[in-house]
Amino acid sequence: MAPRAYGQYCGVVTALELVGERWALLIVRDLLVGPRRYSDLKAGLPRIPTNILATRLKELKAAGVVRRVPLAHGLVYDLTEYGRGLEDVVLALGRWGFRAMGEPGADDVVTPDSMTMAFRTAFRPSAATGWSGTFVVHVGEVVLTLAVDDGELAVTRGAIDDATLTLAAGPAIREVIAGAVSPEEALLTGVVRVLDGDQGALDRFAAVFHLEAEPAPVVVPA
């Protein structure tokens with residue numbers, strides 16, 4: 001691996017030299033959800049050129065962040081123990097970036113892995129202590145089951161029967177997570193729609209998946 005050299009003796013510099021190239025942390029983000037085949041990673045990052053994906057995987061493997069392991073359906077890419085140490089970093093970046101997300105662009109896509117990490121970023125264990133239940137969330141074509149069990153969260157693809165609450169939403173679900181709109185307002189305005197289950201559980205959802213609403217940074221046009 002020939003990382004970009006910044007010429008400084010610093011942990012932040014070393015981290016950037018290992019995972020600071022474009023797309024690298026998004027590959028790590030998706031692998032934090034689980035092992036992926038090359039084709040899975042390409043599908044989850046539809047705009048990454050195939051040569052760049054191959055190069056980034058080679059670099060991350062050389063850095064000891066990613067490894068190839070055999071599974072039943074063939075070889076897959078997975079994070080090493082060292083690579084999994086980036087989980088807190090990725091979640092912290094997600095919380096920080098959430099403040100400046102704004103409205104989605106016309107060509108922005110939502111993927112199962114990106115939404116999985118978004119809910120893991122917004123999850124508040126303290127608000128889920130002593131409570132267990134399941135939320136099935138439809139965001140566009142993405143369907144996830146969020147299983148909460150006494151302060152622990154497990155996210156899986158697809159829906160289950162008999163969920164505590166099944167709801168449908170677009171990217172505007174961000175407004176509920178940020179607390180910009182109340183659950184009642186979200187229902188009235190159509191930000192979310194309850195498809196099945198206990199409508200009152202939407203209050204619990206908004207408490208369990210919440211990122212503190214802070215003033216967005218002022219962006220000055222160049």
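Predicted, not measured: the structure shown is a model, and the values here were computed from it.
Between the side chain of Asp198 and the backbone N or O of Thr164 there is no donor-acceptor pair closer than 3.5 Å. A donor-acceptor distance shorter than 3.5 angstrom exists from the side chain of Thr55 to the backbone of Asn51, with no hydrogens or angles considered. The backbone N or O of Val143 sits nowhere less than 3.5 Å from a side-chain atom of His138 that would complete a donor-acceptor pair. Panel note: side chain Thr80, backbone Val65; a donor-acceptor pair is recorded below 3.5 Å.
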Which pairs of donor and acceptor atoms, one on a side chain in residues 115-126, lie under 3.5 Å apart (sequence neighbours left out)?
| from | atom 1 | to | atom 2 | distance (Å) |
| --- | --- | --- | --- | --- |
| Thr116 | OG1 | Pro112 | O | 2.8 |
| Arg120 | NH1 | Leu32 | O | 3.2 |
| Arg120 | NH2 | Glu87 | OE2 | 2.2 |
| Thr121 | OG1 | Met117 | O | 2.7 |
| Arg124 | NH1 | Ala207 | O | 3.3 |

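The residues Lys42 and Asp30 are annotated as not salt-bridged, no charged nitrogen and carboxylate oxygen being separated by less than 4.0 angstrom. Using a 4.0 Å cut-off between a side-chain N of Lys or Arg and a carboxylate O of Asp or Glu, Asp113 and Arg157 qualify as a salt bridge.
Both the sub-6.0 Å distance and the 45° axial angle are not jointly satisfied by Arg67 relative to the ring of Tyr77.
The line from CD of Glu59 to CD1 of Ile52 is 8.5 Å long, rounded to the nearest 0.5 Å.
Looking at Asp149 and Ser132, their side chains do bring a donor and an acceptor atom within 3.5 Å of each other.
Taking all atoms of both residues into account, the shortest heavy-atom contact from Val19 to Leu25 is O-CG, 3.7 Å.
In this pair, Phe135 and Phe205 present their aromatic rings perpendicular. The plane angle is above 60°, beyond the 30 to 60° band.
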